[in-house]
Amino acid sequence: MSAEAHDHDHDHGHDHEHEHHHKDTFITKYIFSIDHKMIAKQYLITGIIMGIIGIAMSLLFRMQLAWPEESFKIFNVLLGDKFAPDGVMANDIYLALVTIHGTIMVFFVLTAGLSGTFSNLLIPLQIGARDMASGFMNMISYWLFFLSAVIMLCSLFVEAGPASAGWTIYPPLSALPQAIPGSGTGMTLWLVSMAIFIASSLMGSLNYIVTVINLRTKGMSMTRLPLTIWTFFVTAIIGVISFPVLLSAALLLIFDRSFGTSFFLSDIYIAGEVLHYQGGSPVLFEHLFWFLGHPEVYIVILPAMGLVSEIMATNSRKPIFGYRAMIMSVLAIAFLSTIVWGHHMFLSGMNPFLGSVFTFTTLLIAIPSAVKAFNWITTLWKGNLQFNPAMLFSIGMVSTFITGGLTGIILGDSTLDINVHDTYFVIAHFHLVMGISALYGMFAGIYHWFPKMYGRMLNKNLGYIHFWVTAVCAYGVFFPMHFIGLAGLPRRYYTNTNFPLFDDLQNVNVLITTFALIGGAFQLVFLYNFFSSIFYGKKAVQNPWKSTTLEWTTPVEHIHGNWPGEIPHVYRWPYDYSNPNHDVDFVPQNVPMMEGEEVLHH
């Protein structure tokens with residue numbers, strides 16, 4: 001411990017020297033910053049901009065689904081004469097919009113927006129560290145992410161159109177440039193962007209892991225870490241294990257496309273022409289993709305779970321229920337997430353016995369998920385609930401996680417899945433359980449930690465409007481989708497007018513699109529609240545939510561190194577709310593134990 005303390009003093013001296021001799025310029029402070037707090041803001045604002053683009057795309061293709069073959073001037077304005085002649089959306093661009101919407105939301109908004117923002121902001125602040133293990137690597141991680149986002153957006157302006165093989169980019173559609181227009185340069189740019197994104201993600205993850213293991217302050221044992229840090233830590237580990245597999249799939253696909261190899265292709269005829277590919281297998285690509293793809297959904301949802309656990313304990317004014325069970329369930333989810341990928345492939349012709357194995361592991365993962373859901377509900381039980389916007393979004397996240405998770409029991413069963421595979425039932429399931437739940441977690445985190453990021457408060461009333469309209473519209477969009485999915489409506493069809501069978505479902509599509517347009521429009525309330533509060537919001541106090549964790553012991557105005565004096569030491573676990581031994585209803589982690597005080601049981 002003495003060596004550790006010595007290191008901290010050394011850091012502290014160094015930081016003061018740093019402040020005296022070196023004033024940050026605009027570029028070193030706001031652009032090429034190595035301060036984790038600034039990098040978190042860069043991730044967040046980039047994620048918000050990508051989110052605007054991703055949601056706008058979904059509104060365009062929702063309009064196409066509700067009113068197929070109708071002419072909309074906005075289609076022509078945004079998509080141009082080539083892709084929307086006379087304002088009628090072409091089928092090629094419909095597929096491209098669906099593909100890029102999925103890619104942006106999963107990778108650039110939910111992975112980077114959640115992990116990138118909150119891991120960077122909270123890991124050093126909550127464990128009591130001056131900064132990340134490597135500030136430089138942190139900066140490189142963000143700029144690689146930014147570069148990959150720019151390349152992904154550039155692919156929208158390629159002549160033949162952006163990638164159009166679905167966000168899962170299955171070959172042979174994605175592997176043959178001549179298959180569809182979107183398999184040309186747009187697809188190549190998609191793969192390059194993804195490879196750079198993976199490099200960024202890996203650098204970030206390694207940094208998070210090393211920081212949590214090595215830089216905890218004195219007294220901060222692993223069982224005194226807030227659940228946020230546990231989830232970021234485990235998320236980073238899953239990322240390091242599974243992202244390289246997607247990188248290999250992307251590189252092999254680049255080889256197949258550009259260098260004539262046959263990893264994923266065999267015996268293919270296009271327009272009567274026999275292609276020379278022999279011996280590859282598109283199912284191999286599915287295995288490689290989903291070996292990342294399934295852990296990826298947990299990479300997206302685990303940080304949201306951590307944020308929600310922290311916010312619920314704070315706003316219930318009572319300790320989180322089942323702290324150790326929560327940690328165990330995160331670890332169990334992480335392990336199980338790597339052995340369930342086959343449930344995406346029940347219809348790929350896999351051995352039925354293998355299907356039953358994947359069904360078993362998939363249903364097992366419901367157990368730790370249920371542990372978390374029950375623990376959240378029990379944390380709320382008889383709490384002194386503070387219904388601020390962050391708390392509402394946290395409760396909303398528990399709601400969507402449960403409703404979305406229930407349909408996963410159907411999809412995870414290899415027999416039941418046959419009827420609803422590749423229908424809107426699947427869309428409804430994963431948007432609720434991973435899309436909306438993670439988005440709610442992200443919103444909750446923004447409302448809760450905004451004062452820590454910007455030193456000002458968000459407007460509470462605008463937050464309430466944002467929550468209630470978003471909550472009603474999210475269910476309004478995805479609840480009816482379950483029913484049109486059960487009725488057999490397939491996903492990724494740009495119109496269903498050719499099938500009299502589906503005529504009766506058209507009204508439901510109009511209803512869904514109406515909710516989507518209202519919900520999308522009301523995100524402008526959030527954007528206004530966010531960007532105006534940065535400059536004009538009410539000034540925040542040091543600990544606005546009366547919270548116990550270390551980040552609220554730092555001064556409101558940001559300084560390099562987080563704490564002006566010594567780093568606080570930790571004496572207790574992070575959820576000492578309503579402790580009967582104390583007069584106040586919260587005891588920060590850096591308050592020493594009183595004589596005769598018992599440690600609250602986890």
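For the single chain, residues carry numbers from 1 onward in sequence order.
Donor-acceptor pairing under 3.5 Å is recorded for the side chains of Trp449 and Glu551. If you check the side chains of Ser316 and Lys382, you find no donor sitting under 3.5 Å from an acceptor. Using a 3.5 Å distance cut-off with no hydrogens or angles, the side chains of Tyr575 and Thr314 do not pair a donor with an acceptor. Side-chain contact of Lys37 with Asn562: a donor-acceptor pair under 3.5 Å is present, judged by distance alone.
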From CA spacing to verdict: side chain to side chain donor-acceptor pair (under 3.5 Å), Ser141, Tyr208: CA-CA 11 Å; Ser141 164; Tyr208 307 150; 5.4 Å; no
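Atoms CZ and CG, from Phe387 and Leu392 in turn, are 7.0 Å apart once rounded to the nearest 0.5 Å. Between the CE atom in Met305 and the CG atom in Leu114 there is a gap of 12.0 Å [rounded to 0.5 Å]. Taken to the nearest 0.5 Å, the CZ atom of Phe145 stands 13.0 Å off from the CD1 atom of Ile39.
Taking all atoms of both residues into account, the shortest heavy-atom contact from Gly383 to Lys318 is CA-CD, 3.6 Å. Of all the heavy atoms in Thr400 and Ser437, the pair that sits closest is OG1-OG, 2.9 Å.
Within a 6.0 Å radius of CE in Met328, no more than 12 heavy atoms belonging to other residues, nucleotides or ligands are found. Sparse packing is recorded around CZ of Phe146, with 12 or fewer heavy atoms of other residues, nucleotides or ligands lying under 6.0 Å away. Summarising the local packing, CH2 of Trp468 is surrounded by 12 or fewer heavy atoms from other residues, nucleotides or ligands at distances under 6.0 Å.
Counting heavy atoms from C-beta outward, Leu202 and Ser205 have side chains that stay 4.5 Å or more apart.
Residue His344 forms a side-chain hydrogen bond (donor to acceptor under 3.5 Å, both in side chains) with just one option from His294, Glu286, His421, and that option is His294. Each of Asp131, Asn207, Thr211, Asn138 was compared with Asn120 under the side-chain hydrogen bond (donor to acceptor under 3.5 Å, both in side chains) criterion, and only Asn138 meets it. Checked options Trp167, Trp341, Phe264; the residue passing with Phe289 is Trp167 (criterion: ring-ring contact (aromatic ring centres under 6.0 Å, His included)).
Counting only distance, with no hydrogens or angles, the side chain of Arg572 and the backbone of Pro592 share a donor-acceptor pair below 3.5 Å.
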